[in-house]
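Note that these values count all heavy atoms, side chains included, but never hydrogens, waters or copies made by symmetry. Given the structure is predicted, the values throughout are model-derived calculations rather than measurements. Within every chain, numbering begins at 1; the chains are lettered A, B, ... in the order of the sequence lines, protein sequences first and strands thereafter.
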Amino acid sequence: MIRIENAHKRYRWRKVLDGVTFSAEKGQITCLVGMNGAGKSTLLKAIMGLTPLSKGTIRIDGVGSKRELYEKISFIPDHAAMPGGFRLEEGLRFMADYYKSWNESRAQELMTFFRLNPRDRLGNLSKGTAAKYALVLGLAADTEFVLMDEPFSGIDVFSREMIGDVFSSRLIEDRGVLVTTHEIDEVEHLLDRAVLLKDGKVARDIDCEQVRDEQGKSVLDVMREVYRA
Amino acid sequence: MSHYFKLLAMEVRRFRYLLAGMMLYSLVVECVAVAIDIHNYANRYGVKEGTREPGVLPQPYSFADVIGNTQRGFALGIFIPVAALVAYVLVIWYRDWSGRHPFAFRQLMIPGGRIPLYFAKLTAIFLFVFSMLAWQLVAMAILKLEYAMVTPEWLEGPSRFTDAMYASEIFKLLLPLHFSQFLINYGMGFLGVLLMFAGILLERSYRIRGIVLAALYLALNITLLVLAWMTNELSFYPSETVAVCLTIFGLEVAGAIWLSLMLITRKISA
Amino acid sequence: MAELNADHPQNIRVTRWERFRYAWVGALALLSVVALGVYYGYASDERLPSFHLETVEGDSSIGSEIRLDGSYGGRKGNRSMQVDAEGTRYTDANRVGRLFILPFSKTYTASTEALIKAHREFMRGKEYGTFEQNEDKLIYAELVHKEGRAILKLSVLNKKTEKSENYSWQAGSWKQREQVYIADMQIEGELAHLLIIRSTATLSNESIAPQLFDYVFELSAGKLVDTREIRLPVQAGYDVSVANRGTNADSVHAVIFTSRVKGTSTAAGGASSQPAASTEAPIIEYKPFIYNYRDGSVKSLDLAIPDNMTHTNYYVDGDKLYGVTVDGNPVSWRGESFNIVETDLLTQAQTAAYTLNASDYGGEEILAPRFKDGKFYFIVSGAQAKESIGRASTKVVVVEAGTGKAVYEGQVAYEGPSNEAASELSQTVLLNLELRS
C-alpha cells in the first residue's frame, strides 16, 4: 500500500498541498481528482521522489523512500521521458539495462498491441502515439504499483479506447494503480476509489462502488457536490 | 557500479558526434594555419629559385618557430572546442530537461539511486576534456609530419618537441610542461566544474532562489580561495601558503560534491 | 484485444549493442591515458642540463658557500637557473600556477635562504630589513613608517636557546619628503648599534643636512641605552652613504662618505646655489669619515677617492677599509680588471694595493665582486678551464683581501658526456654570485 500522511508542499508562495492524507491499495485503482493545479501531479511526483515535500511522510508497504523502490513502482508521466532522438527500441533497451523487474516479452507484446514501430524515433511521434509508448515503458516492468499522470490528456478517441482496454486487462489486475485524470467519465467504471482534493486538502475519500450502491451517486455527482459548493 | 558505467557510456555516446566534430575542426584549422605560415615565411625568402638573393641563406625555420608564429591560428582552433565544452557543462544537465519528453524524469527514477548519475555526468565531462587534450598531442605529431612535407628543404631546421610545446602560449596553459602545473590548472578546472554542477542542481532544486544561492555559493568559494592565497601576504612561507591553498581546495571540492549529492537525492524537482 | 501475456522473466539478450556500448568510453579513456601518460611521463621533460661548481684549487668548503645565478639559453626562451657545488636548480619550475604565482615567486637571496633554513620560526615575515649575527645572537632590524614617525623594530634571537625577543622604539620623524633608512648595523659585545640616516628630498634647491643617529641597544638587558647624533664636520648641502660591511667579525668602525656636487655651496639661508649649467657631467666631491661605534667619535679619513666614485665600492672589515674599482662597466660591475686598495683605519695609511686581471685566470671578464670575512669573491667569465683547452666556462675565484692571493678557484662543470660540454657551457650565462650566510 502507498500511504501518504500529512503532505505539505509550497510552490511559489502558494500552498499546493496543505495536509493531504490518503492511501492507495494494491489490487485497487485509485483516482486522484481535483481541479487544475490542485496538486495531483505533485503528489505523484512526490511519491516518486521527483519533487520534495515540505512536510509529511510517504510510505510504500511501510517503508520510507529507498533506492530500490523504483523497482516496485512505475511512474508514467504525461510524456515519454526519453530523449527525442532515441528510437523506441533504444528506450526499451534503456529500461532493460537498469530495471531488474523489466519484462522484455511483455514489452514486445505491448508494442505490438499498441502497433508501435520500434525503429521510429520518439521525437517524430504524435502525442497519442507517444502516450502509448509511455504506457509500454511503465507497464512492461513487473512492478507492484503503477502511477499514471493524465494518461488520456490530449489523446484521440481510439487511442483512448486502447488505453482504457489496458486498464481492464490482466496487466493491471494485481497491481495497485494511482491515476490522475480529468476524463473521469472514461475511467469511472474502472475505479475502485476516488480521492477528491480541494484547497490542498482531501475533501472526500470515497469507495466508488459503495457510493454508487448506497447513495446512487456517480463520482461525477460527488464532484459536483464538492467543487460547486 | 554497473549503472555508473552504463550511464557514463550513454553520456559519452550522446556527445560522440560533437566531440568528433570538434576534434576534426581543431585539426583542420591547425593544419591550415601551419601551412599558411610556412608558405608566407618561405615566400618572404623567395620560394622560387632565382627570386632569392644568391648567397643569402635564410635562417632555418624550425617546427618550434612555426608554432611560435601561429598563435592566432591555434587559438582559433582551440577556442571554439573549449567554449563548446564549457557550454556542455551546463547542457549536459539542461538538455535532459528540455523538449517534449524531458529525459530527466527517467534518469532520476533509475533504481540504485542518483549518485551514479551525478558521477557519470562528471566523469563524462572530464573524459571529453582529456580526450581533446590528448587529441591535441596527436595533432602536434600530425602537424610535425605536415611540417616535414610542406617546408622546403633549405628552410627546415631541427627543434625539440618541448620547445614546440613551450612556444605556444595556449599550450603553456593547457598542456604545461611541468606536471605539477598541469595538476594545478586542471585542479582549478575540476573545482570549477564541480561548482557549476552544484549551481545547476541548486537551480533545479530551488529555481530562481536557486540561482541566487548558486551565485552566493560561487562567491563564497572564490573568496575562500583568494583568502587562502592571500596568506602569502602574512608571515607565511610559500610552502605553507601552498598547504593552506590545497586544504581550502580540498574542502571546497568535498563541499561541492556533498552539496550536489544532497541536492540530487533529496531536493531536486523534476 | 489480444491476450497480453504477463509474467515472463526478463530475457537477457547479448546483442551487438552490449559489446559496443562501451566502445566510445573505452576509446576515449585509452586515448587520454596513453597520450597524456606518454606526454607527462616522458615527452614533456625538457631534459635541461645539469651543472655544478667544482673546485679546481683550494678549499672546497669555500665553494660550498657560493651560489651562481643566471640562465641557460639552450632552449627556446631562457631558463633561469642557480648553480652551486651540489648541482643545478632551474627556478622557472617554481613559477607554478598562474593562479598561485605569488607564493612561488618569492625568490630569496642565498643568505636569506640559509638563515631561513637555520632559524625557520624566527625568520618568518622578516623580509625587508637588515640582519646581523655573531656566534650567539642573530638580530633583525626594520624601519617602519607610522603616522609620520619612524619606528625601529628590533628582533633578537638567542641562537643557542632559539628564543627571541622583540623591541621597538621611535627613531625620530618620517615625514613626507623624508627618506629614513638603516645604513648600518653592528654588534659590539653586548650592544647593538643601528646607524640610521634621515635625508630630506630637496625640491626647490633647499638642501638640508642629512641626520645620522647611532641607536645603542643593550641586547641582554633589552633596552635602548643611548641615542647618539653623529655630526659630521661638513658644510650643509651634501649626501651621505655608508661603506658596505661584508663580514661577521666584530668591527667598531663605520666609514661614512659625504658627497656634494663640486661647486655648490649653501648660503646662510640654507638655499644652495648651482653652478651654471654645463654640458659636462657634474663632478662629485667626496669626504670620508670614520665613525667609531665604541666611543662615538668622528674622524676625518684621508683617502684618495677617484672622481664620481661610480666605479668604486668600499668595504669595511675590522680595522681595514677596502676599495674595489672596476676597469670597465660600473653599472653591471664587469670589466677587465679590479683594482683593490687596502687602507688601515687606525693609521689611515694604505697598506696594500693590487690588481686582479681577468686574463690572470684565463678569462675575458671579471665581474660580480662580493666581500665576506676578509675575502673577495668574484666571477671570471669566458675562462679556459684548466686541463681542458677549448672549453670556455665560468670560473669563481676567491682571494684574500689583504694580499690578493687566491685561496679558491672553482669552475662550472657540465654533468654529462664531454662532447656536449662545450656547447652546453657556452649556453650558460651566470652573472650573479651570492653567498650563503
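For chain C, no part of B:Gln136 is nearby; none of its heavy atoms comes within less than 4.5 Å. Heavy-atom distances place no part of B:Leu183 under 4.5 Å from chain C, backbone and side chain included. Residue B:Phe126 does not touch chain C at all, counting heavy-atom pairs closer than 4.5 Å. Of the two parts of B:Leu137, only the side chain, counted from C-beta on, holds a non-hydrogen atom closer than 4.5 Å to a non-hydrogen atom of chain C. Contacts of B:Met230 with chain C are absent, with no heavy-atom separation under 4.5 Å from either backbone or side chain. Contacts of B:Phe179 with chain C are made by both backbone and side-chain atoms, with heavy-atom separations under 4.5 Å.
Panel note: side chain B:Tyr237, backbone C:Arg120; a donor-acceptor pair is recorded below 3.5 Å. At distances below 3.5 Å, at least one donor-acceptor pair connects side-chain atoms of B:Asp163 with backbone N or O atoms of C:Lys76. Judged purely by atom type and a 3.5 angstrom limit, C:Tyr40 has no side-chain atom pairing as donor or acceptor with the backbone of B:His178. Formation of a donor-acceptor pair under 3.5 Å by the B:Thr162 side chain with backbone atoms of C:Glu46 is not found in this model.
Summarising the geometry of B:Ala9 relative to C:Val25, their closest heavy-atom pair is CA-CG2, 3.3 Å, with the distance given to 0.1 Å. Minimum interatomic distance between C:Leu31 and B:Ala134 (heavy atoms only, all atoms of both residues): O-CB, 3.6 Å. Closest approach of B:Leu175 and C:Tyr39 over heavy atoms only: O-OH, 2.8 Å.
Two residues are said to be in side-chain contact when any heavy atoms from C-beta on lie closer than 4.5 Å; B:Tyr166 and C:Arg79 meet this criterion. Counting only heavy atoms from C-beta outward, the side chains of B:Phe130 and C:Val33 never approach each other to under 4.5 Å.
Residue B:Phe79 places its CZ atom among 12 or fewer non-hydrogen atoms of other residues, nucleotides or ligands, all under 6.0 Å distant. With a 6.0 Å radius and a threshold of 12 heavy atoms from other residues, nucleotides or ligands, B:Arg72 has its CZ atom at or below the threshold. Taking a 6.0 Å sphere around NZ of C:Lys137, one finds it holds more than 12 heavy atoms contributed by other residues, nucleotides or ligands. The number of heavy atoms from other shown groups lying within 6.0 Å of CD (C:Gln427) is above 12.
Between chain B and the options C:Asp45, C:Ile116, C:Val34, heavy-atom pairs under 4.5 Å are most frequent for C:Ile116. The candidate with the highest count of non-hydrogen atom pairs below 4.5 Å against chain B, out of C:Gly26, C:Gly125, C:Ser32, is C:Ser32. Between chain C and the residues B:Arg16, B:Glu11, B:Met165, the most heavy-atom pairs under 4.5 angstrom are made by B:Arg16.
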